[in-house]
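Take a look at this one; I'll ask things after.
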Amino acid sequence: MKAHTLVIGAGIAGLQAALDLAEQGRQVVLVEKNPSIGGRMISLSKVYPTLDCASCITTPRMASVAHHPLIHTLTYTEVLGVAKNEDGTFRAHLRKKPRYIEEDKCIGCKRCEEVCPVYIRDDFEHQLGAKKAISIPFTNAIPQFPVLEPQSCTWCGACANACPVDCIDFTQESRDLFVEVDAVLLATGFQLTPIDAKAQYGGGKLRNVISSLQGERLLAPHGPYGRVLRPSDGKVPDSIAFVQCAGSRDASLGVPYCSRVCCMYAIKQAMLLSGSLPTADITIYYMDIRAFGKGYEAFYQNAKAMGINFVKAKVGRIREIEDGNLALRIERQEGTAQPEEAQHDLVILSLGLTPQWNPGQLAWEVKTASDGFVATPGAPLDPAATTQDGVFACGTATGPKDIVDSIMEAGNAATEVGKRLEIRAPMVPGGAS
Amino acid sequence: MEHATSLGDKPPKILIITTIASSYTGANTVGQARAQYAPNTYILRVPDPVMFPEDFYLRCFDKGFAGIIIMSSGSDCPYEGAYGRLSARVGRTYLKMKEKGIPTTRLKLTTVCTVCKHAFLKEIDDMQNHLKEKAA
Amino acid sequence: MSGAMDEAKVGVYVCHCGGNISDVVDVKAVAAELGKHPQVAISKEFAFMCSDAGQKLVIEDIKSGKINRVVVAACSPALHELTFRKALQRADLNPYLYEHVNIREQVSWVHKGDHDAATRKATSLTRAGVEKILRQDRLESIHVGAAKRVLIVGGGPAGLKAALDSAARGLKVTLVEKSGRLGGHLHEFDTVYPGGQSASELLGKLLSAVSANPAITVVLGAEVKTWDGFVGNFKAVLSTGDAVNAGAVIMATGYRHTAPSAGEYRFGKDDRVITLPALIEQMKAAPRGPLTRGGRAVRSVAFIHCVGSRQIEGVHAPQEDGKVNDYCSRVCCTAALHTINALKERQSDLAIYDLYRDIRTYGRGHEAIYEQASKNGVLFFRFTEEAQPEIRESSVVVKDVLTWNQEVELPADLVVLVTGVKPGEVAELTAMMKLPTGSDRFLQEAHPKLRPVEVANNGFFLAGACQAPMDLVESAAAAGAAASKVAAVLSKDFITLDPYVARVDAEKCTGCEACLPECAYTGALFMNGSKKAEVNAALCKGCGACVAVCEPRALDLAGWSLDQMEAMVDAMASEVAP
Ligand SMILES: Cc1cc2nc3c(=O)[nH]c(=O)nc-3n(C[C@H](O)[C@H](O)[C@H](O)COP(=O)(O)OP(=O)(O)OC[C@H]3O[C@@H](n4cnc5c(N)ncnc54)[C@H](O)[C@@H]3O)c2cc1C
Ligand SMILES: Cc1cc2nc3c(=O)[nH]c(=O)nc-3n(C[C@H](O)[C@H](O)[C@H](O)COP(=O)(O)OP(=O)(O)OC[C@H]3O[C@@H](n4cnc5c(N)ncnc54)[C@H](O)[C@@H]3O)c2cc1C
């Protein structure tokens, strides 16, 4: 397969860059390792500072990508290697993982999912809900193909019997693909620091201490429970705490930097919580509130006006007390000097952002910086270039950032790729090249 | 006075006006979740309901629709100022309905997004219950 | 239009979706019922309409001349509307003569319990689809010619990068800069955070690339004076008299430093009190040796953050327009700490106090600058908006919340006010170009999350600090993103727009002008020479607001006409039991 550009990662940054390139008449191969495109953004509840519903504003973008004649999307596909050819093009070795269904036949009807007797943890819900061993990953997934999890499947055959188009294929194997392109764009995104990284915060064992991405799912209009409940006992929480910098600005975790989005998403989640649980007490323990973007300070001030408690304090330790409730040891940075204990019945950790994929593991010249994200030696004026000529990066692959900043970088990366293509594969007058 | 095309013994029909950008997709989300609702509901898809004059709604009542739910796009509406114009229009429609003796509760303006499953079902439920009460 | 109806022959295809529909809806009955419609020439059901075999059915029926309009009743149009439009195209039929009826997501999947009712509903929805397509014209997408030139307003780092990026994509560029030189605020800095590169080197690179590029025309000391046209064909006249014809515009008018209000922190009264930009300038002018003030060595400096930013009504004096700057200026925390570290490097025994509300070193490499300042021995004090620091004879007094609101008196030979930023002077431009601004007075993007460099007005794009405070990395990214959008718009010889726009039947138009105030898009709807409403298809966004108020029904939305909608409603209302 040949194309102008390979875009790796179909989060909002990769989607936007692919669209921008395709709108300029360039052929794009977009690879995504997950079964659906959309990245983190499609799993968020609402987005700051507009409080637009995340799915509502992401799905149209996803659909535009899926329908674009110049974008070839490969989901559930991994990148095994990228090598630079002598003529300056790149050859990428991809592996399409088996969904155990024939995609050209599947009509996305969910019959298989309905009859499957096996329930497993739902990754999309960050383990808060359950799904079937064969299922479409989430409601607005694109494409609407189910994935069968072979580790959990009992091979009972119920799905195959129910399938109206006979598309279940238990013997399907992964398939290798090779793509030749003129440029590569990394939009491989972020992941959260592990919830079990800090022993002081229970090392991941406290049932009612959840990650911020789990918080997003709890608050999503189509989330796992349909409303806000705490995991241990399904109780509606009435005192909720956010612990800021729970994985950032912390050299002991190897994350000395600021993760840039946590202040704002915590404020957002706090506002949404207070909307759905008007009588609940909500507290944010923070070091500095970094509401730096357009409209963000007003968002922060609104949250204060809504009655959300902002307490400048470090949280030293969290332990479980009776009924799954939590006791937080607080060292206030203002007001009193004595450490004190505060009790809450749900705690959301604002974990830090680290890179999701390390491109340095492939045999090429793309390097990462000391923070682990893709190095961009051309910054400040050329923030998309990497250490390898012809390879570009954008979005959270080059450091934590929010959606709007990711989208700006994606557009810029499309320009940088476009400039390279202008030289290597000039557009012929009239449009196509 | 009840309006001329009162409901009779046929099940009352509900017209649901949806937007391409938001609520039409929302209705699909309801379907994907296999949530069930009564079949006396008819979904019309438009770029934006702001295109309808007041008389359009009156005509729908005349033709036999018992209730109309306008499911507009909310903050993610792609058209500038359309929501404001739409709600002003609906306000004027209410006046005309009153003149004709049509209960204004038979027309409802609301916003439904692409994943507002619950809101979608609740609006239908509310309208059904309302029409039932009226009939009783 | 009635002529079109007479000769119309509709083909109706009802999909089983392999049981997904046919288990609930009696698809045979639907097809049979639709077959009775006088203008339906063919009505069939099929197991999988989206399959190649299904599409072939449609294509063959068109090619054999039996039908010239198509309705498929199947899944959601989001899935396969495009599939069938393309099938029509392959059969040489206008792709807009197609209607997709959703009887899966909106019928069979939601009415499992009542097969009869579901079948009746599917029938009337499909009938509604037939009525709609009978009233549909052959729509064509709209083509607008495009001048392959982009006008860039503002020659700071963002404008320069946008110019280079656009030129590299084969476009001609006119770059208009109000001042006498290119470079914007990049001129003011010695080194830039976070990387510490030399600002003049960065600027030098940009400037030599711009001057070496024959596609870029720079007009210095100039402003846009008159404005006309629309996307593809804007016409500007500059203060120099030059006329510019551009297909698109990138605004890159940047920011201005805020000035402390009269007497704020004794600014203007006490010459120990200066602003951060002034300090940066002084350090750039004398890059080595200890800092002096009025000939005397400076031994202690206090920095006060958030001057002119994060202002609170009632606490701070308002700006000229009566509003306070309630936003965060984003760049000042890191700029201040970067400057502090530079000071410490030249004068390690300098005592530096940093009085802040929140330290916002959010960006890549910024936190390290904050840490470095701490390591350099800078002392940090946190104040709240209610209790602002006070400037005394030779000191600054701050109520420090970090030490439980103790009042601390700090010696200060120099007080540096970390001022914020406000947008460039653009009031005249925005009035002329009809560009939206936000309550913070910065230029307003089309959507604050998804479309940060686009403007609601077609053909306008934003680059850099004119949209919101941002640093160089962010300004460069915004500039590149704007250039990407421009390249997409101007890469083809024509700009292609959706056909779903308002149109006027001039015969019916009475010239009453009721439609004009309904239109939210400047220039999209206007009265022409013969006093009839006219639509500029390039500017119309197809919301239909004008349609609603047109008494004589002269206005209509192509593809979504009121006639079509009424015919659909009638079909849905009519009770047909198959
Ligand atoms: C709890 C939380 C709440 C947030 N809330 C908001 C908010 O309200 N507003 C806001 O503006 N921002 C918010 N953010 C930030 C927002 O999520 C990010 O800005 C955005 O998702 C970044 O998009 P991306 O495309 O860079 O990365 P991602 O969304 O991480 O996408 C990267 C994609 O690349 C894929 N990928 C990775 N490696 C590979 C590989 N090797 N091969 C193929 N595919 C690969 C991944 O599977 C993924 O789909 C929030 C973040 C968090 C953690
Ligand atoms: C104190 C301070 C220190 C900073 N330090 C750093 C740093 O170290 N590192 C960093 O990354 N960022 C720094 N920044 C941010 C940096 O200055 C901006 O990111 C950058 O200048 C923005 O570029 P721009 O082109 O958008 O705007 P500007 O630099 O403001 O350029 C705008 C240009 O447009 C022109 N213009 C305005 N109006 C018109 C008009 N009507 N017609 C024609 N031309 C017009 C202006 O004359 C100007 O030349 C700092 C900012 C401040 C306030």
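First the proteins, then the strands, lettered A, B, ... as listed; each starts at 1.
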What part of B:Ala33 gets within 4.5 angstrom of chain C, counting heavy atoms only: side chain, backbone, both, or neither? neither
State, yes or no, whether a side-chain contact exists between C:Leu562 and B:Phe56 at a heavy-atom distance under 4.5 Å. yes
Flag the one option from C:Glu105, C:Gln106, C:Arg104 with the top tally of heavy-atom pairs under 4.5 Å to chain B. C:Gln106
Among B:Arg34, B:Gln32, B:Glu80, B:Glu54, which residue forms the greatest number of heavy-atom pairs with chain C at distances under 4.5 Å? B:Arg34
Using the ring of each side chain (for Trp, its six-membered ring), is C:Phe84 parallel, tilted or perpendicular to C:His100, with breaks at 30° and 60°? tilted
Pick from C:Ala117, C:Ala545, C:Ala78: which one has the most heavy-atom pairs with chain B under 4.5 Å? C:Ala545
Any idea which of C:Ala118, C:Ala446, C:Cys546, C:Pro77 has the most non-hydrogen atom pairs under 4.5 angstrom with chain B? C:Pro77
What part of B:Ala27 gets within 4.5 angstrom of chain C, counting heavy atoms only: side chain, backbone, both, or neither? both
Give, as side chain, backbone, both or neither, the part of C:Pro517 having an atom under 4.5 angstrom from any heavy atom of chain B. backbone
Taking atom types as modelled, is there a side-chain donor on B:Thr19 or B:Ser73 under 3.5 Å from an acceptor on the other? yes
Under 4.5 Å from a heavy atom of chain C, the part of B:Arg45 involved: both
So which part of C:Met572 gets closer than 4.5 Å to some heavy atom of chain B, the side chain, the backbone, both or neither? both
Is a side-chain donor-acceptor pair under 3.5 Å present for B:Thr110 with B:Glu123? yes
Counting heavy-atom pairs under 4.5 angstrom with chain C, the leader among B:Ile20, B:Val30, B:Leu44, B:Thr25 is B:Leu44
Among B:Thr29, B:Leu15, B:Asn28, which has the most heavy-atom pairs under 4.5 Å with chain C? B:Asn28
Given a strict heavy-atom distance threshold of 4.5 Å, which part of C:Tyr521 is in contact with chain B: side chain, backbone, both, or neither? side chain
State, with a plain yes or no, whether a side-chain heavy atom of C:Val455 is found less than 4.5 Å away from one of C:Leu462. yes
Got a salt bridge between B:Asp126 and B:Lys122, using NZ or NE/NH1/NH2 to carboxylate O under 4.0 Å? yes
Under 4.5 Å from any heavy atom of chain B, what part of C:Leu125 do you find: side chain, backbone, both or neither? side chain
Heavy-atom distance under 4.5 Å between the side chains of C:Leu516 and C:Leu525, does that happen here? yes
With chain B, which of C:Lys112, C:Lys449, C:Glu551, C:Glu566 has the greatest number of heavy-atom pairs at distances under 4.5 Å? C:Glu566
Under 3.5 Å, is there a donor-acceptor pair between the B:Gln128 and B:Asn40 side chains? yes
Counting only non-hydrogen atoms closer than 4.5 Å, does C:Val569 touch chain B with its backbone (N, CA, C, O), its side chain (CB onward), both, or neither? both
Quick one: are B:Lys98 and B:Thr104 in side-chain contact, heavy atoms under 4.5 Å? yes
What's the shortest heavy-atom distance between C:Gln136 and C:Tyr96, and which atoms? NE2-O, 3.1 Å
